[in-house]
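Beneath this line is the structure, given in structure tokens, with notes to follow.
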Amino acid sequence: MDASKPVRVRMAPSPTGYFHLGSARTALFNWLYARHTGGRFILRIEDTDRTRFVPDSLQDIMDSLRWLGLDWDEGPEVGGPYGPYFQSERLPLYHEWAERLVRAGLAYRCYCSEERLEALRQEQRARKEPVIGYDRHCRTLTAAQRAELEAAGVPSVVRFAMPVEGETHFVDLLRKMKPFDNNQYRDPILLKSDGFPTYHFANVIDDHFMEITHILRGDEWLSSVPLHVNLYNALGWEIPVFAHLPLILDPSGAGKLSKRKKKGEGDEELLTYIREYRAAGYLPEAMFNFLAIMGWAYSADTDLFTRAEAIARFDIHDINPAAGALPLSKLQWMNGHYIRQLAPADLQERLLPFLAGPLGMSVEALRRHPALPILTPLIQERLKTLNEAAALIDFAFVEEIGYDPALLVPKGLTSAQALEALTAATALLTALPFTEEGLDAPLRHLAEQLGLKVGQLFGILRVATTGKNVAPPLFGCMIALGREKTLARCRRAAELLRQC
RNA sequence: GCCUCCAUCGUCUAGAGGACCAGGACACAGGCCUUUCAAGCCUGGUACAGGGGUUCGAAUCCCCUUGGAGGCACCA
């Protein structure tokens, strides 16, 4: 590969499902390499499997990429000089080159039915022979036999005539590859009977005509590279640089992070799609940073870095080739870190959609609610994900809260003592200014007068005002509620204590 | 089964022959702070899979074993 050529890399997802975490990491590395080198990042849609097509997946792919800030220079909705960027719109190109290969004797039409192929596999299994696949039956058909099959209208596919002998060697930037024995590749299909190309063929054709210089893709493609190399050779084209990215394994390390649902670290469901992480309240800047350290390290002593820093340092050669388990707890920590970095006003704005549903309020009403700007800074360092916010501050957005009477009486106190403390505090709160400074000293003094530890008195008040024994700092909660609501809740709690 | 890739703390990783009795982060444990929970700060334990080479010297290079992963479709 000519090093002076401008770098062109691509992400080539197929619209057969939502955008996967692993795909996002592949996209990210491609994007980083393009941005680092000043090259181009291309999005190409590999929609050649009509049976697995999922209508809204294309939108999801684009939404996810944009959410992560991975903008593409060419592709859907952007255009570009190498289009079309949907493989379904490039069919004539594939047909033309398949035909050329057939004419050159490097590919051939195969008329074998699916039934015959299946029978072949059964037979191989029954004889306990390794299942090696197609037996190249149609490779040696005579012209007359072909004419007859064509005349009879037997449907066919186009197969590549892999070299039967010898071995194929290729270079992967990240690992040391042994040569592959050509004979283990069984004349793969280039063009399916429905006229659509297979991945292997469309991929090679498009990467060539789109002038892709580096192919960064998942490890699962490693063993099909020899096939691709032979295709490039047959077509007489230059072979791009390969770098196969390490797979992201299940958090347990047990296998490829599957597109199916598995259980995560705890009992929670393992999130696999970008949209799910987004919906769970992960920040795009955290996801970006996290994805980047899955197989790549910014430096020896930090995991945290900005987009610009990653671009400046990224190099394919620094990618670790070993597959790794998804470190979910690190993602959670990192998301918490990025939440803490946010300006409170920014956090508040990002919180709105996560609050609206659970609190049963409109985003607009929430945005105007006076309690939110008070509470947001208080929960900022308590959040790992945005969707945890509602449970922390819901007490301030409802008229009435329920009480667990047991919580109202701190350990080591009788309910009479708790009631006495609550009554005294209520009386005091009637007159105190509802500010941090206004509440702090008098309430501490009150605890002393009552012979209680500060924590005991504050605990009673915390439960009385929020209904929870774990809540944001007490004074903030009371200020957010306002004097009237705070007093009403204290009185109700006192009433409850009196009854028991 | 066959082919291929990979192998450093529980996990993600730094390490491209001497700077490593192996560094960082998360997680975990203990402590400090403290109004609960967090956050923050301090401290701690735990790793070069095993065995052979090569070399004055190996986590780093080679081989074998073991373990893990991926691939073997008219799916990508």
Side-chain angles (χ1 to χ4, degrees), chain A residues 12-14 16-17 46-49 51-52 110 112 114 117-118 121 125 128-134 155-159 172 174-178 180-181 184-186 188-194 196-200 202-203 218-226 244 246-247 249 251-256 265 290 293-304 317-318 320-334 336-337 340 378-384 392 410 440 443-444 447 453-459 461-463 466 468-475:
Chain A
S14 69
T16 53
E46 310 220 323
D47 53 348
T48 56
D49 186 346
T51 61
R52 291 201 307 153
C110 168
C112 293
E114 299 226 37
L117 296 176
E118 183 49 37
R121 279 189 285 264
R125 262 192 291 270
K128 303 222 163 138
E129 284 175 5
V131 179
I132 53 164
Y134 185 55
S156 63
V157 300
V158 174
R159 286 188 186 267
D172 182 284
L174 303 182
R175 55 199 98 226
K176 246 192 130 170
M177 298 301 300
K178 282 189 198 154
F180 283 65
D181 188 352
Q184 63 176 289
Y185 294 86
R186 311 306 293 194
I189 291 173
L190 265 24
L191 236 41
K192 301 183 261 188
S193 56
D194 66 0
F196 278 70
T198 56
Y199 169 85
H200 304 294
N203 204 257
D219 210 350
E220 69 265 29
W221 295 109
L222 199 54
S223 55
S224 50
V225 176
H244 288 82
L247 257 17
L249 270 26
S252 67
K256 184 154 87 153
E265 278 171 347
F290 174 70
I293 60 167
M294 298 265 357
W296 179 70
Y298 175 77
S299 74
D301 56 12
T302 184
D303 285 335
L304 297 168
H317 296 275
D318 295 334
N320 177 351
L326 182 69
L328 275 182
S329 58
K330 199 162 194 164
L331 169 61
Q332 285 171 353
W333 160 77
M334 192 172 271
H337 168 82
R340 276 169 248 133
L378 300 180
I379 60 171
Q380 183 155 20
E381 65 195 27
R382 280 159 244 266
L383 295 175
K384 280 195 163 48
L392 251 30
D440 191 291
L443 284 173
R444 282 175 197 279
K453 286 181 189 157
V454 171
Q456 291 176 312
L457 175 62
F458 287 14
L461 288 171
R462 176 173 300 111
V463 176
T466 68
K468 308 167 197 288
N469 60 349
V470 175
L474 179 63
F475 304 145

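No hydrogens, no waters, no symmetry mates; every other heavy atom, side chains included, goes into these values. A note on names: the letters A, B, ... follow the listed sequences, proteins ahead of strands, and every chain is numbered from 1.
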| To the nearest angstrom, how far is A/Arg52 atom CZ from B/A76 atom C1'? | 5 Å
| query | What does nucleotides 3-8 of chain B look like as a protein-contact string, B for base, S for sugar-phosphate only, - for none, at under 4.0 angstrom between heavy atoms? | reply | SSSSS-
| Which listed nucleotide (B/C74, B/U36, B/U35) is nearest to the side chain of A/Val470? | B/U36
| field | Between B/U36 (P) and A/Glu381 (CD): distance, integer Å | value | 13 Å
| task | Please work out if A/Gly336 contacts a base, only the sugar-phosphate, or nothing of the nucleic acid, heavy-atom cut-off 4.0 Å. | result | nothing
| For the side chain of A/Leu247, counting heavy atoms from C-beta on, which of B/U11, B/A69, B/A76 is nearest? | B/A69
| query | Is the shortest heavy-atom distance from the side chain of A/Leu326 to the side chain of A/Met294 under 4.5 Å? | reply | yes
| query | How would you label the contact of A/Ser14 with the nucleic acid (heavy atoms, under 4.0 Å): base, sugar-phosphate, or nothing? | reply | sugar-phosphate
| task | Report the distance from atom CE of A/Met334 to atom P of B/U11, rounded to the nearest whole Å. | result | 18 Å
| request: Can you see which heavy atom on A/Pro473 is nearest to which on A/Leu378, and at what distance? | output: CD-CB, 4.1 Å
| message | Which residue in the set A/Asp219, A/Val225, A/Leu222 passes side-chain contact (heavy atoms from CB on, under 4.5 Å) when paired with A/Asp172? | response | A/Leu222
| query | Using a cut-off of 4.0 Å on non-hydrogen atoms, how would the nucleic acid contact of A/Asn469 be classed: base, sugar-phosphate, or nothing? | reply | base
| query | B/G53 and B/G67: how far apart are their P atoms, nearest whole angstrom? | reply | 23 Å
| request: For the residue pair A/Gln332 and A/Phe290, establish whether any side-chain heavy-atom pair is separated by less than 4.5 Å. | output: no
| message | Nearest whole Å is fine: how far is B/C75 P from A/Tyr199 OH? | response | 15 Å
| query | How is A/Pro13 classified with respect to the nucleic acid when contacts are heavy atoms under 4.0 Å: base, sugar-phosphate, or nothing? | reply | nothing
| query | How far does the P atom of B/A29 sit from the matching atom of B/A39, given to the nearest Å? | reply | 13 Å
| field | Spacing between A/Arg186 atom CZ and B/G71 atom P, to the nearest angstrom | value | 20 Å
| task | Take atom OH of A/Tyr134 and atom P of B/A73, then tell me their distance rounded to the nearest Å. | result | 14 Å
| field | Nearest heavy-atom neighbours spanning A/Leu392 and A/Pro472 | value | O-CD, 3.6 Å
| task | Let me have a per-nucleotide readout for nucleotides 21-27 of chain B, 5' to 3', with B, S or -, counting only protein heavy atoms under 4.0 Å. | result | --BBBSS
| How far does the P atom of B/C74 sit from the matching atom of B/U11, given to the nearest Å? | 38 Å
| Looking at B/C74, does its base get a donor-acceptor pair with the side chain of A/Thr198 below 3.5 Å? | no
| message | Taking the P atom in each of B/G68 and B/A49, what is the distance between them to the nearest angstrom? | response | 15 Å
| query | Base, sugar-phosphate, or nothing for A/Gly324, non-hydrogen atoms under 4.0 angstrom? | reply | sugar-phosphate
| If we take the P atom in both B/G23 and B/C56, what is their distance in whole Å? | 29 Å
| query | What are the two closest heavy atoms between A/Tyr185 and A/Ser223, and how far apart are they? | reply | OH-O, 2.5 Å
| said: Can you check the distance between B/A25 and B/G15, where both ends of the measurement are the C1' atom (answer in whole Å)? | reply: 16 Å
